[in-house]
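Take a look at the structure set out below.
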Amino acid sequence: MAVPYKRSPIAIVPCYGALGGTLYGIAQRASSIYDSGIEGNKKGSVRGLAANARGSLMLNKVLSSKFTLAYAGEDKIRLCDFSSSSSIGRSLRGYDFVFTGLGLTQREGKVTGNSYEKTPNDR
């Protein structure tokens with residue numbers, strides 16, 4: 001249970017798209033409120049998981065359009081291989097809460113650097 005004196009870090013999975021970006025923005029704003037129980041604005045307090053580098057760009061598009069002066073730097077996003085449960089578990093280690101926006105259809109995009117496809121031609 002979150003209480004003001006025991007503040008916890010949280011993760012948003014996945015952090016991009018309309019739902020993930022909105023959840024991330026709300027969590028980022030709530031972390032600055034003392035009574036929320038979310039760890040304050042320090043490195044790793046609100047973390048987003050994405051499958052590739054494009055997730056950071058998509059997250060910041062949502063944040064800039066829906067929240068005033070909101071931005072998620074590269075240190076707030078962690079790349080994760082969503083096809084591997086051990087990779088997801090390793091990325092979420094140390095986080096007390098996880099908000100998910102899964103169950104929605106995600107469109108396939110281009111392969112970017114640091115993504116988990118085997119070759120640039122994988123889709």
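Because the structure is predicted, anything quoted here is derived from the model rather than measured.
Leu63 has its side chain within reach of Tyr24: a pair of non-hydrogen atoms, C-beta onward, lies under 4.5 Å apart. Two residues are said to be in side-chain contact when any heavy atoms from C-beta on lie closer than 4.5 Å; Cys80 and Leu49 meet this criterion. Using a 4.5 Å cut-off on side-chain heavy atoms (C-beta onward), Asp96 and Pro9 make contact. Counting heavy atoms from C-beta on, the side chains of Asn60 and Tyr71 come closer than 4.5 Å.
Taking every heavy atom of both residues into account, Arg78 and Ser91 meet most closely at NH1-O, 2.8 Å. Among all heavy-atom pairs drawn from Ala72 and Ser56, the shortest one is O-OG, 4.4 Å. Residues Thr22 and Ala18 come closest through the heavy atom pair OG1-O, 2.7 Å. Annotation for Ile77 and Ala50: closest pair CG2-CB, 4.0 Å, computed over non-hydrogen atoms.
For Leu57, the side chain to side chain contact (heavy atoms under 4.5 Å, CB included) partners at least two apart in sequence or on another chain are Lys61. With sequence neighbours excluded, the residues that form a side chain to side chain contact (heavy atoms under 4.5 Å, CB included) with Ala27 are Ile10, Ile12, Val46. For the side-chain hydrogen bond (donor to acceptor under 3.5 Å, both in side chains) test, residues two or more places apart in sequence or in another chain that qualify with Ser86 are Ser84.
From Leu92, atom CG reaches atom CZ of Arg90 across 11.0 Å, with rounding to the nearest 0.5 Å.
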